[in-house]
Amino acid sequence: MYKGIYYTHLISVNIFLLIYIVKTVMLLANKEESLVRFTKGIKVPEMIVSTLFLITGIYMLIQAPDVTVLQIIKIILVFASIPVAVVGFKKRKKVLAVLSVLMIIAAYGLAEVNKKHRLSKPVTEENVPASTAVNGHDIFMANCTSCHGVDGKAGLSGAKDLSVSTLDQNTQEEIIRNGKAPMPGYSGILTEEQIKAVAEYSATLRK
Ligand code: HEC
């Protein structure tokens, strides 16, 4: 369920952005006729896409274990871009149209920064930075509980229940290393040794 929503969000954000870029390019190039035609033709799909984009975004936000400042800025940018875009395109104000596109792109960029930021600054129960922890339990507490929960069963953000996982050690390490959307990959964040340790720990959560 979450996974489907996550992909719907990604796809609708991309289409939404694309529509705005096309419109802005037409406006900047003074292609008035094309702009009118495109705006008219795309009206219904645009409404569907923007509704999907907002609803899935709100759903994911409700599901999120915590909301960061970056996420709040992102949401403000998205909502602020709407009136800017409406006025920009209606009144044919190039500056406003470009500004609205930039705001959406900035929000998009922030979402990416937020992901990295979140991963690079985990804090464990005992406040051991994950980068120095080699103990599977500590690494798990620092990086994994926000989705999997302390017992591995939480299933937040579409996460699999680790207590019923049947994957072997290698496959688990592979998933932890490279991720499996929406789970992020941990290569570059955790060392190979840490990945191995946390995979071993994750297997101990099984019944
Ligand atoms: C952002 C949320 C999130 C975080 C953080 C996260 N996971 Fe996951 N994890 C998921 C999701 C979602 C899946 C399911 C992916 C799929 O198969 O579609 C998953 C699947 C897995 C699986 C495969 C289970 C199976 O049987 O298929 C393992 C193992 C796993 N995670 C371990 C970890 C470990 C260890 C960490 C911390 C280093 C971690 N995860 C952090 C979301 C997360």
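Just so you know, ligand 1 is whichever comes first in the structure, and atom 1 is the first atom listed for that ligand. Throughout, residue positions are numbered sequentially from 1 according to the sequence presented.
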**Message:** F16: which residues meet the ring-ring contact (aromatic ring centres under 6.0 Å, His included) condition with it, sequence neighbours left out?
**Reply:** Y20, F53
**Prompt:** Side chain or backbone of L162 under 4.0 Å from ligand 1, or both, or neither, by non-hydrogen atoms?
**Reply:** side chain
**Asked** Where's the contact between Y201 and ligand 1, heavy-atom distance under 4.0 Å: side chain, backbone, both or neither?
**Response** neither
**Prompt:** Given A203, P184, C147, which has its nearest heavy atom closest to atom 3 (C) of ligand 1?
**Reply:** C147
**Complete:** Looking at H148, the N, O or S atom sitting nearest atom 8 (Fe) of ligand 1 is NE2
**Request:** Salt-bridge test for R177 and E174: reply yes if a basic N is under 4.0 Å from a carboxylate O, no otherwise.
**Result:** yes
**Request:** Could you tell me whether E200 and K196 have a side-chain N and a carboxylate O separated by less than 4.0 Å?
**Result:** yes
**Asked** Does E32 pair with R37 as a salt bridge, N-O distance under 4.0 Å?
**Response** no
**Prompt:** With distance as the sole test, does Q172 use its side chain to make a donor-acceptor pair with the main-chain N or O of Q169 at under 3.5 Å?
**Reply:** no
**Message:** Under a 4.0 angstrom heavy-atom cut-off, which atoms of ligand 1 come close to L167?
**Reply:** 23 (C), 24 (C), 25 (C), 26 (O), 27 (O)
**Message:** Check this for me: K94, atom NZ, are more than 12 non-hydrogen atoms of other residues, nucleotides or ligands nearer than 6.0 Å?
**Reply:** yes
**Fill in**
For Q172, the ligand 1 atoms with a heavy-atom partner under 4.0 Å come out as 29 (C)
**Subset of ligand 1 atoms that lie under 4.0 Å from at least one heavy atom of I176** = 32 (C), 35 (C)
**Asked** At under 4.0 Å between heavy atoms, which part of A199 makes contact with ligand 1: side chain, backbone, both or neither?
**Response** neither
**Asked** Is there a donor-acceptor pair under 3.5 Å between the side chain of S202 and the backbone N or O of V198?
**Response** no
**K160: numbered ligand 1 atoms lying under 4.0 Å from its heavy atoms** = 13 (C), 14 (C), 16 (C), 17 (O), 19 (C), 24 (C), 27 (O)
**Message:** With a sphere of 6.0 Å drawn around NZ of K3, does it hold more than 12 non-hydrogen atoms of other residues, nucleotides or ligands?
**Reply:** yes
**Complete:** Within 4.0 Å of some non-hydrogen atom of K3, the atoms of ligand 1 are 16 (C), 18 (O)
**Request:** Could you tell me which atoms of ligand 1, counted from 1 in the order shown, lie closer than 4.0 angstrom to a heavy atom of G158?
**Result:** 11 (C), 12 (C)
**Request:** Find all atoms of ligand 1 within a distance of less than 4.0 Å from any non-hydrogen atom belonging to S157, and give their numbers and elements.
**Result:** 12 (C)
**Prompt:** Is L54 reachable from L61 through a run of hydrophobic residues whose side-chain heavy atoms are each under 4.5 Å from the next?
**Reply:** yes
**Item:** Distance filter under 4.0 Å to S165 heavy atoms, resulting ligand 1 atoms
**Value:** 24 (C), 25 (C), 26 (O)
